[in-house]
2 protein chains.
Amino acid sequence: MVEETDVYKLLHQRLVAGGFVADLKLQPEQLRKDYNCSASTIREALFRLSTVGVVTFKEQRGFRVPQVSRVVQHELTHMRILLECEGACLSIRLGGVAWEARLSAAHHKLSHIEMRARSKAELEPLFDLWSTAEQEFHETLIDACGSLTLKRTHSIIYQQFRQQLINADSDTIYVPENILQHQGILEAALDRDEDLLRRLIHDHLSRNLAQPLPEKKSW
Amino acid sequence: MVEETDVYKLLHQRLVAGGFVADLKLQPEQLRKDYNCSASTIREALFRLSTVGVVTFKEQRGFRVPQVSRVVQHELTHMRILLECEGACLSIRLGGVAWEARLSAAHHKLSHIEMRARSKAELEPLFDLWSTAEQEFHETLIDACGSLTLKRTHSIIYQQFRQQLINADSDTIYVPENILQHQGILEAALDRDEDLLRRLIHDHLSRNLAQPLPEKKSW
DNA sequence: ACGGCCTTTAATTTCGAAAATTTTTATTTA
DNA sequence: TAAATAAAAATTTTCGAAATTAAAGGCCGT
């Protein structure tokens with residue numbers, strides 16, 4: 001039995017931090033050596049991790065790290081846009097000053113880090129800090145939406161999204177434009193401008209789309 | 001080992017059919033007797049079921065059937081509206097005549113059943129048939145959205161939604177208005193009228209909302 | 001009578017191994 | 001030389017039990 005932090009948490013951290021190559025087979029018999037426990041314990045942890053989609057499971061084929069896929073990246077981005085637009089607009093309607101305060105605080109923390117990183121290389125030593133602050137900002141953005149189900153779904157999508165970017169070693173994971181984009185999102189939220197907020201969330205994430213989302217047509 | 005159909009499938013069917021009381025503790029040691037296998041096998045199956053949210057898991061507290069909750073019902077309904085509106089509109093844009101044909105076929109099957117059931121009592125002998133056809137109709141509605149991630153997320157939400165209604169023994173699970181509502185949805189889809197389609201999907205599901213969804217305000 | 005603490009019982013987690021299934025490798029045949 | 005088949009090796013699934021943790025019940029004190 002691993003002490004201090006359990007196997008589930010350790011595997012989770014490693015999976016979202018890119019500690020396994022994309023599409024790698026995750027074999028309990030191998031992993032048990034890394035974590036000093038039994039293969040059954042690893043198997044259970046992997047099942048739990050599949051609940052949030054950071055590993056995939058197929059009967060009689062076992063567990064795998066999800067493949068890096070531009071299609072999947074596009075779909076996860078689309079889902080983030082959908083869920084964050086909805087959650088952010090509902091937060092505007094329901095959140096009040098307390099929510100605005102929390103969002104401002106989250107943004108303050110994030111921008112503080114982003115001002116110290118003008119490039120991906122400069123970000124490297126701050127990556128974990130930035131990563132946490134970025135997630136916190138987006139989670140706070142939808143925090144007052146009034147729906148745990150929406151927040152839970154968003155959290156699952158966000159983890160998979162992040163894992164895809166990290167495993168792809170993508171250039172889009174961090175760009176210097178982030179700082180202005182996050183600022184714009186904050187301002188639109190505080191101005192309670194839902195249309196602008198939707199557009200800015202979309203624009204912030206659109207670099208992760210393989211192609212533009214299909215638009216409404218006149219038939 | 002249970003023959004023919006495995007433990008996972010049997011438990012899944014029972015869970016979405018209301019075969020367990022809401023909020024019931026699901027104890028492997030008890031269930032293994034029903035399914036003639038070991039508690040470990042049950043435990044694994046329950047982990048897999050928690051992936052789609054038809055059981056809940058808490059460390060050191062085990063597995064439970066989700067509680068019946070109007071709040072959760074409301075949130076799942078909200079998610080269905082969000083995902084089905086998005087998926088249906090994308091299907092209009094991407095699906096073409098093949099999709100329209102599949103949707104018409106799915107509707108034909110559903111309406112055939114719904115014409116034979118003017119009340120919940122009349123539906124009783126046809127419930128499984130209707131249930132399958134209803135799910136197929138809604139899944140086909142979003143089938144051409146171009147996103148497996150959206151469809152997978154919808155499927156998870158739909159199963160939880162269905163489980164909530166059944167476990168609540170809700171009066172909203174089937175209403176005679178369904179037939180006209182499904183008809184309207186089909187027609188709006190075939191007319192490629194996205195605004196109307198969104199409204200009709202919302203109206204079709206709104207009886208499962210605890211209160212109206214918050215609307216956009218002028219500030 | 002109620003609350004707190006301790007003990008016992010029940011439940012969950014982890015384990016290592018057996019059984020079942022899949023994958024890989026080697027051999028034989030056309 | 002390639003394909004098919006069989007055997008061996010590897011992997012996954014299932015199992016029953018031990019270890020760990022939580023819950024319940026009983027007893028004592030205020």
Side-chain angles (χ1 to χ4, degrees), chain A residues 1-16 19-68 152 156 163 167, chain B residues 1-16 19-69 152 163 167:
Chain A
M1 146 96 87
V2 169
E3 290 182 286
E4 306 303 303
T5 309
D6 71 358
V7 169
Y8 173 83
K9 285 177 180 136
L10 290 170
L11 278 168
H12 186 273
Q13 278 167 350
R14 191 170 164 187
L15 280 155
V16 297
F20 297 101
V21 165
D23 205 31
L24 179 74
K25 218 133 175 300
L26 295 165
Q27 292 175 307
E29 201 56 35
Q30 301 303 321
L31 287 168
R32 74 176 192 80
K33 296 163 182 167
D34 290 351
Y35 298 91
N36 199 25
C37 62
S38 86
S40 299
T41 302
I42 297 288
R43 189 171 167 83
E44 279 211 2
L46 290 173
F47 271 122
R48 291 175 58 198
L49 288 161
S50 73
T51 302
V52 293
V54 295
V55 304
T56 61
F57 170 74
K58 200 169 180 181
E59 270 186 69
Q60 269 111 26
R61 301 285 184 283
F63 299 91
R64 276 187 184 269
V65 179
Q67 294 187 358
V68 160
R152 191 175 302 130
I156 291 171
Q163 187 187 38
N167 282 354
Chain B
M1 143 98 85
V2 169
E3 292 183 284
E4 305 304 303
T5 310
D6 71 357
V7 170
Y8 173 83
K9 285 177 179 137
L10 290 171
L11 278 169
H12 186 272
Q13 278 167 349
R14 193 171 163 185
L15 281 156
V16 298
F20 297 101
V21 165
D23 205 29
L24 179 74
K25 220 135 177 300
L26 295 164
Q27 293 175 307
E29 201 55 36
Q30 301 303 321
L31 287 167
R32 74 177 191 79
K33 295 163 184 166
D34 289 350
Y35 298 90
N36 199 25
C37 63
S38 88
S40 299
T41 302
I42 296 290
R43 188 172 167 84
E44 279 212 2
L46 291 173
F47 271 121
R48 291 175 58 196
L49 289 160
S50 72
T51 301
V52 294
V54 295
V55 304
T56 62
F57 170 75
K58 199 170 178 178
E59 270 185 67
Q60 267 112 28
R61 302 286 183 282
F63 300 91
R64 275 186 183 270
V65 179
Q67 293 186 359
V68 160
S69 158
R152 193 176 300 128
Q163 188 186 37
N167 282 353

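Lettering of chains follows the sequences in order, A, B, ..., and the numbering in each one begins at 1. Below, all heavy atoms of this structure are taken into account, side chains as well, without hydrogens, waters or symmetry copies. All values derive from a computational prediction rather than experimental measurement.
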Report summary line: When B:Phe47 and A:Ala39 are each assigned the nearest nucleotide of DNA chain C, the 5'-most assignment goes to B:Phe47

Query - Minimum side-chain heavy-atom gap B:Lys25-B:Phe63 below 4.5 Å - result: no

**Report entry** Value in whole Å for how far the P atom of C:dA11 lies from CD of B:Gln60
**Finding:** 15 Å

Report task. Would you tell me if any nitrogen or oxygen in the side chain of A:Lys25 comes within less than 4.0 Å of OP1 or OP2 on D:dT12? Result -> yes

Requested in this report: Specify the separation, in whole Å, of atom CG of A:Leu26 and atom P of D:dT11.
Outcome: 13 Å

Report task. Pick base, sugar-phosphate or nothing for A:Tyr8, based on heavy-atom distances below 4.0 Å to the nucleic acid. Result -> nothing

Query raised in the report: Rounded to the nearest 0.5 Å, how far apart are CG of A:Leu10 and OH of A:Tyr35?
Result: 6.0 Å

Query - Separation of atom CG in A:Asn36 from atom C1' in C:dT14, rounded to whole Å - result: 13 Å

Query raised in the report: A:Leu26 versus A:Leu24: any side-chain heavy-atom pair under 4.5 Å?
Result: yes

Report task. With heavy atoms under 4.0 Å as the rule, sort B:Phe63 into base, sugar-phosphate or nothing. Result -> nothing

**Report entry** Minimum side-chain heavy-atom gap A:Leu46-A:Phe57 below 4.5 Å
**Finding:** no

Query raised in the report: Once you round it to whole Å, what is the distance between P of C:dG16 and CD of A:Glu44?
Result: 14 Å

Report summary line: In whole angstroms, the gap separating C1' of D:dT13 from CD of A:Glu59 amounts to 10 Å

Query raised in the report: Checking all strands, does A:Arg43 fall into the base, sugar-phosphate, or nothing category for heavy-atom contacts under 4.0 angstrom?
Result: base

Query raised in the report: Between D:dA22, C:dA11, C:dC15, which nucleotide has the shortest distance from any of its atoms to the side chain of A:Ser38?
Result: C:dC15

Requested in this report: Assign each of A:Gly62 and A:Ser40 to its nearest nucleotide of DNA chain D by heavy atoms, then name whichever residue's nucleotide is nearer the 5' end.
Outcome: A:Gly62

Report task. Would you mind reading off the distance between B:Gln27 atom CD and D:dA22 atom P, rounded to a whole angstrom? Result -> 16 Å

Requested in this report: Rounded off to whole Å, could you give me the CZ-to-C1' distance for the A:Phe57 and D:dT11 pair?
Outcome: 12 Å

Report task. Test the A:Arg14-A:Phe20 pair against the cation-pi criterion, namely NZ or CZ under 6.0 angstrom from the six-membered ring centroid and within 45° of the ring axis. Result -> yes

**Report entry** Upstream residue (5' side of DNA chain C) when B:Gln30 and A:Arg32 are each assigned their closest nucleotide
**Finding:** B:Gln30

Report task. Return the value, rounded to whole Å, for the distance between atom CG of B:Leu31 and atom C1' of D:dT14. Result -> 16 Å

